[in-house]
There are 2 protein chains.
Amino acid sequence: MDKLCEFLREKGVSPSIQRLKILRYLKDSENHPTALMIHHEISRDIPTLSKTTIYNTMNLFSEKGIVSELCVGEGEVRYDLNLYPHAHFRCAECGKIYDVKIDPELFKIKKINGNQVVHTAVYFTGKCRECFGKDKENL
Amino acid sequence: MDKLCEFLREKGVSPSIQRLKILRYLKDSENHPTALMIHHEISRDIPTLSKTTIYNTMNLFSEKGIVSELCVGEGEVRYDLNLYPHAHFRCAECGKIYDVKIDPELFKIKKINGNQVVHTAVYFTGKCRECFGKDKENL
DNA sequence: TGACAAGTTTAGAATTATTATTATATTAAA
DNA sequence: TTTAATATAATAATAATTCTAAACTTGTCA
Ligand SMILES: [Mn+2]
Ligand SMILES: [Mn+2]
Ligand SMILES: [Zn+2]
Ligand SMILES: [Zn+2]
């Protein structure tokens with residue numbers, strides 16, 4: 001927990017109990033959670049936790065480069081602690097979001113059609129391996 | 001206009017005046033418009049046009065494979081008549097969305113990490129060439 | 001120690017895109 | 001024309017997120 005504290009300070013964020021628990025949740029669960037998923041989980045620990053705090057904190061983390069915001073269709077933002085360039089796969093059936101690796105060249109593009117690229121997002125949608133597995137069971 | 005009529009029929013959509021105007025707007029403007037942009041434009045022609053009709057129509061067009069839905073960050077869906085696989089660039093400054101071409105191999109991926117891919121989306125964000133131009137003018 | 005200022009959290013209201021509901025209008029079939 | 005099926009419109013409902021203002025914490029210094 002002290003490590004997380006230190007980590008936040010380095011990023012210019014003063015640590016509070018809420019911020020630390022949010023950060024730890026992001027580290028533990030490799031989920032790409034929504035703000036509401038985070039709230040749901042941590043409010044079991046801190047019953048007074050407000051949604052506003054989650055939104056504020058996630059916006060702060062975003063600004064400070066601690067997390068990146070993911071937009072994978074469906075009208076909700078998801079957060080990712082993994083800042084290493086990678087792509088995502090969303091299962092249309094179960095909604096789960098997976099990290100996937102693609103040719104890293106794509107993330108190196110800095111200019112395209114004369115436009116200056118700051119950020120690159122790649123996501124796939126379809127049916128995940130787990131959902132395929134379930135289908136077989138039900139035969 | 002008769003061509004558009006025919007086109008809709010082929011896709012299994014019975015043509016109405018609203019649907020035809022929406023389709024024509026999509027064809028003419030190479031915009032990637034939001035539902036509200038479409039409504040704003042066409043309600044000048046049909047003042048009674050309701051937003052619900054736009055949302056219904058766009059969902060219908062989506063189901064019938066006439067348009068694809070784009071999620072380029074920012075909490076609104078954008079629609080694209082161009083079904084040919086291509087990527088997008090969104091300017092963080094002016095909000096404009098450009099079609100861009102990338103290595104088509106990426107769109108051929110049908111399986112990744114054991115997951116079955118149905119759809120692939122790629123989008124870049126940054127500052128567009130026009131916004132760069134404006135900066136120079138203001139020197 | 002204790003008062004203060006700055007920063008943080010909270011609850012609830014406000015906003016915005018979208019969907020649901022339902023009545024009305026239009027079209028197509030019999 | 002009568003009738004049934006579809007499409008449109010107005011409005012209410014939802015849901016994610018932001019705004020606002022009050023209450024709470026924390027660190028600083030008299
Ligand atoms: Mn990820
Ligand atoms: Mn396009
Ligand atoms: Zn799945
Ligand atoms: Zn621009």
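Just so it is clear, the values below take in all heavy atoms, side chains as well, and ignore hydrogens, waters and symmetry mates. We name chains A, B, ... by the order of the sequence lines, and we start the count at 1 in each one.
Note on A/K108 versus A/E105: salt bridge recorded, some NZ/NE/NH1/NH2 to OD/OE distance being below 4.0 Å.
With sequence neighbours left out, the disulfide (SG to SG under 2.5 Å) criterion links B/C71 to A/C71. Residues passing the ring-ring contact (aromatic ring centres under 6.0 Å, His included) test with A/H39: none are found, sequence neighbours excluded. Checked against side-chain contact (heavy atoms from CB on, under 4.5 Å), B/S29 has the following partners two or more places apart in sequence or in another chain: B/Y25, B/N31. Annotation: salt bridge (Lys or Arg N to Asp or Glu O under 4.0 Å) contacts of A/D103 (sequence neighbours excluded): none. For B/K96, the salt bridge (Lys or Arg N to Asp or Glu O under 4.0 Å) criterion is met by B/E130, not counting sequence neighbours.
Residue pairs that meet the side chain to side chain donor-acceptor pair (under 3.5 Å) test with at least one member in residues 65-76 of chain A, sequence neighbours left out, are A/S62-A/E69. Applying the disulfide (SG to SG under 2.5 Å) test to every pair with at least one member in residues 31-65 of chain A, sequence neighbours left out, gives no pairs at all.
Between A/H32 and A/H86, the ring planes lie tilted relative to each other; the angle falls in the 30° to 60° range.
For the helix from C/dT1-D/dA30 to C/dA30-D/dT1, the terminal axes (five pairs an end, C1' atoms, rotation from four pairs onto the next four) enclose an angle of 0°, given to 10 degrees.
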Might you list the N or O atoms of the protein lying below 3.5 Å from N or O atoms in nucleotides 4-8 of chain C, with each pair's distance?
| unit_1 | atom_1 | unit_2 | atom_2 | d |
| --- | --- | --- | --- | --- |
| C/dT8 | OP1 | A/S14 | OG | 2.4 |
| C/dT8 | OP1 | A/R19 | NH1 | 2.9 |

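Contact footprint of chain B on DNA chain D: nucleotides with an atom under 4.0 Å from a non-hydrogen protein atom, first to last in 5' to 3' order, D/dA7 to D/dT11.
In this structure, CD1 of A/I22 is placed 13 Å from C1' of C/dT10, rounded to the nearest angstrom.
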- [ ] Could you encode protein contacts along nucleotides 12-30 of chain C as a string, one character per nucleotide from 5' to 3', using B for base contact, S for sugar-phosphate-only contact and - for no contact, with a heavy-atom cut-off of under 4.0 Å?
- [x] B----SBBB----------

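Cation-pi geometry between B/K27 and B/F7 is met: the NZ or CZ atom falls under 6.0 Å from the ring centre, inside 45° of the normal.
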Only distances under 3.5 Å count here; give the side-chain donor-acceptor pairs of residues 113-125 of chain B to other protein atoms, sequence neighbours excluded, each with its distance to 0.1 Å.
| unit_1 | atom_1 | unit_2 | atom_2 | d |
| --- | --- | --- | --- | --- |
| B/N115 | OD1 | A/R129 | N | 2.8 |
| B/N115 | ND2 | B/I112 | O | 3.2 |

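Once rounded to the nearest 0.5 Å, the distance linking CD of A/Q18 with CG of A/D45 reads 11.0 Å.
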